[in-house]
Amino acid sequence: MLARGPQDRGTAVLTDPRTVLMDLATGRLLARRYVKEEIASRTRTLMQGEVRVYLLDGSTSMLGPRARMRDSILVAELATLLQRLDNPDEHTRVVLHYRYFNTELGPVTRVDTSGAVIEAIADVTGTPRTGGTDIEGALVSSLELIAEAQRSDSELARAQIVLITDGVASVREEVIRHARQALGDLPVGVSVIALGEENPALREVVAYQRARCERAFYHYLPDDYLEHLASARVGDDGIHLPSVPKAQADPTALEQQLGSLLDDLSALSRSRDAQSLQELDRIDRERRLERADIEAVGEGERARLEALYRDDRALLRRYERWFPAPLVVADLASPNQQAIARAQPVPGTLEHDDLDSMMVVLASVAEVVEAAGSTVLGRQADAIDLLERLLPDARLSPARYHELLRAYPVALAPGLDAVRGAVQAGLGWRIEYGRRHGRAQSIH
């Protein structure tokens, strides 16, 4: 990197000892910088197992809309499982078991492959079921099934039992709790979907789990609502959005309907912004950079910290200092500018080489920033950081960079215009540049 002062003489790169002082004065003396190696740890997400058991009441009292809803819920779960199996990159390996029960328990069907899902859907939709009801025995046997899966799968992380029934049976709550305690610390949720009728004991089982902050739910659907869904007479009862008034109608009506929704969206946006700032602060702490240390780092790091702390004004001042707006014709006609501006350097001279190097640096910054895909603040910080990194490779010091900006405003105007356009509009700056100049133009 470029030497910052006499203190860097011990690590300076010497080519000719006679020119050390001159190279240091002109900003061309290079010094070695050493990288401190640190061990970076990464968190790896392991595959976890989850068992889901669906208990489906197959009694005669379920025939009709109740049975249709029962089978529809299971088919929807099977369709979701099929999608997960087709995308094996998920972090959770799901195995689904289901069984129908009446006075006797039906066979347990295990579904863990795509082919098994198709066979299960055909079985669910094509087999009528009748009989009595034994909810207690079905729940106890399902908990025993989970205990068996826990012994055979060391990666089993949680289990879920979903009971779909009309609740017409006696259930002893203490028996269910005793069977649940045999599983130890494994998170197991027993959820209930009651169709047509409710069972107070099942409500108590779910309430006990919720009091312990476990994952469980209880949902009741009355018969009239089930018949309404089964007959396909679904109205605007919360499923579909209300009709939006026409433009020529009273605008206050639309405001009354959507005003609360807009407030919720605004609050959600503020919440996400707050979470983003908290994440940025966490990253900042991990990098061990505090605001008091901003002046001790380079220009690029200062710009990034100003973007991190949303210091828009400070970042804009820094950005304008490194990438000022190109001068227009009226500015070039001013006496002050005419006194500073120089004629184009002769090819083959050091001045001409420095000017070419600077144009390449500006074009490189524009090319990278326009594809960065960040916010305007992020692209401003990226442009400053890139410039600081590229100047030593071009053998240009910051002082020499600013001198060239003042001396050759006309030659450097396209490069500055490209950088500022890329920072402001990203990939869309070329369209705007072509519109202003009557053609699409690329800066290289």
Side-chain angles (χ1 to χ4, degrees), residues 1-2 4 27 33 276-277 279-280 283-284 287 289 291 293-328 331 354-437 440-444:
M1 299 180 63
L2 292 176
R4 298 175 181 175
R33 295 287 186 267
S276 300
L277 289 177
E279 180 67 14
L280 289 174
I283 296 174
D284 185 29
R287 295 170 64 185
L289 281 174
R291 295 208 66 173
D293 300 330
I294 289 181
E295 296 303 325
V297 296
E299 286 288 313
E301 195 63 43
R302 295 178 192 177
R304 291 191 180 280
L305 290 176
E306 288 165 353
L308 170 67
Y309 291 106
R310 307 298 292 271
D311 195 348
D312 301 7
R313 294 185 177 181
L315 178 58
L316 181 60
R317 288 194 301 267
R318 192 178 305 278
Y319 170 73
E320 292 289 348
R321 185 168 67 250
W322 288 100
F323 302 101
L327 297 175
V328 297
D331 297 328
D354 287 348
L355 183 60
D356 283 345
S357 298
M358 184 167 174
M359 295 177 67
V360 172
V361 168
L362 292 176
S364 301
V365 172
E367 290 285 347
V368 176
V369 170
E370 71 176 358
S374 179
T375 61
V376 175
L377 291 180
R379 290 195 292 267
Q380 288 177 349
D382 289 340
I384 298 173
D385 186 49
L386 285 170
L387 180 66
E388 185 180 31
R389 295 172 183 269
L390 292 176
L391 284 180
D393 294 336
R395 302 186 66 86
L396 295 174
S397 65
R400 180 61 172 162
Y401 172 83
H402 286 288
E403 180 184 358
L404 293 173
L405 282 179
R406 292 190 299 269
Y408 303 103
V410 178
L412 297 175
L416 291 172
D417 203 4
V419 173
R420 293 175 66 89
V423 168
Q424 187 63 32
L427 290 173
W429 80 269
R430 297 179 182 271
I431 300 176
E432 180 63 24
Y433 188 87
R435 183 184 298 112
R436 288 189 285 110
H437 292 77
Q441 184 171 344
S442 177
I443 306 301
H444 295 286

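Worth knowing before you read on, the calculation uses all heavy atoms, side chains too, and leaves out hydrogens, waters and symmetry mates.
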Mind checking the [atom1]-[atom2] spacing from [X] to [Y]? Nearest 0.5 Å is all I need.
| X | Y | atom1 | atom2 | answer |
| --- | --- | --- | --- | --- |
| Arg389 | Ser364 | CZ | OG | 14.5 Å |
| Leu2 | Arg33 | CG | CZ | 9.0 Å |
| Leu355 | Leu396 | CG | CG | 10.0 Å |
| Asp417 | Leu412 | CG | CG | 12.0 Å |
| Arg400 | Met358 | CZ | CE | 9.5 Å |
| Leu387 | Asp382 | CG | CG | 12.5 Å |

For [X] against [Y], the heavy-atom pair lying closest together:
| X | Y | value |
| --- | --- | --- |
| Pro326 | Arg420 | CD-CD, 3.9 Å |
| Ile384 | Leu315 | CD1-CD1, 4.3 Å |
| Val423 | Ala383 | CG2-CB, 4.1 Å |
| Ala422 | Arg379 | O-NE, 3.4 Å |
| Ala394 | Val361 | CB-CG2, 3.8 Å |

Any side-chain heavy atom of [X] sitting closer than 4.5 Å to one from [Y]?
| X | Y | value |
| --- | --- | --- |
| Leu405 | Leu416 | yes |
| Asp385 | Glu388 | yes |
| Leu390 | Val365 | yes |

task = Using the test side-chain hydrogen bond (donor to acceptor under 3.5 Å, both in side chains), find all partners of Asp356 that sit at least two apart in sequence or belong to another chain.
result =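 Partners of Asp356 under the side-chain hydrogen bond (donor to acceptor under 3.5 Å, both in side chains) test: His352.
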Phe323 and Tyr401 aromatic ring geometry - parallel, tilted or perpendicular at 30°/60° bounds =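 The arrangement is perpendicular - the two ring planes meet at more than 60°.
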message = For the CZ atom on Arg321, are there more than 12 heavy atoms of other groups (residues, nucleotides or ligands in this structure) within a distance under 6.0 Å?
response =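 Yes.
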inquiry  = Does this structure show an ion pair linking Glu320 with Arg317, if we count only N-O contacts that are shorter than 4.0 Å?
reply    =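 The answer is no: the pair does not qualify as a salt bridge.
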